[in-house]
Participant: 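Got a structure here, written out as structure tokens. Questions coming.
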Amino acid sequence: GVITLVAHPLASLFRFYSDLSPMADLVEGRVVSWGTVGSSAAVMGGLCLALGFAGSLIFKNRELATYSGQ
């Protein structure tokens, strides 16, 4: 139904995130290379920057609260 139409594109959009699995390797006792750690950190840093930039654009001209000072 409608949920499938929304969920499948979102799942495919964020599939790269599920492919990051350094924690699974650590839990299983496998060696995690510095390349894997670096690429995971780069992806997470890029996502944080993109979301922070989008949030700043969205809330740039919005006044979320007004304090009267009294």
Side-chain angles (χ1 to χ4, degrees):
V2 175
I3 294 174
T4 304
L5 291 173
V6 173
H8 280 288
L10 285 176
S12 63
L13 180 66
F14 291 105
R15 186 171 313 277
F16 68 92
Y17 182 75
S18 67
D19 292 340
L20 299 174
S21 61
M23 291 306 289
D25 291 340
L26 282 175
V27 168
E28 294 176 8
R30 289 190 243 158
V31 175
V32 178
S33 69
W34 283 109
T36 302
V37 173
S39 64
S40 298
V43 168
M44 294 305 295
L47 284 174
C48 288
L49 285 173
L51 290 174
F53 182 69
S56 67
L57 286 177
I58 291 169
F59 293 110
K60 181 170 67 170
N61 294 325
R62 300 193 188 266
E63 190 172 327
L64 298 178
T66 302
Y67 177 64
S68 64
Q70 296 179 0

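Values below: all heavy atoms of this structure, side chains included; hydrogens, waters and symmetry mates excluded.
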Participant: With a cutoff of under 4.5 Å between side-chain heavy atoms, which Ile, Leu, Val, Met, Phe, Trp and Tyr residues group with Leu57?
Facilitator: Phe53
Participant: Would you find more than 12 non-hydrogen atoms of other residues, nucleotides or ligands less than 6.0 Å from Ile3 atom CD1?
Facilitator: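 No, because the 6.0 Å sphere around CD1 of Ile3 holds 12 heavy atoms or fewer from other groups.
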Participant: List the atom pairs, donor and acceptor, that lie under 3.5 Å between side-chain atoms in residues 42-50 and the rest of the protein, sequence neighbours left out.
Facilitator:
none

Participant: On a heavy-atom basis, which atom in Thr36 and which in Ser39 lie closest, and how many Å separate them?
Facilitator: O-OG, 3.1 Å
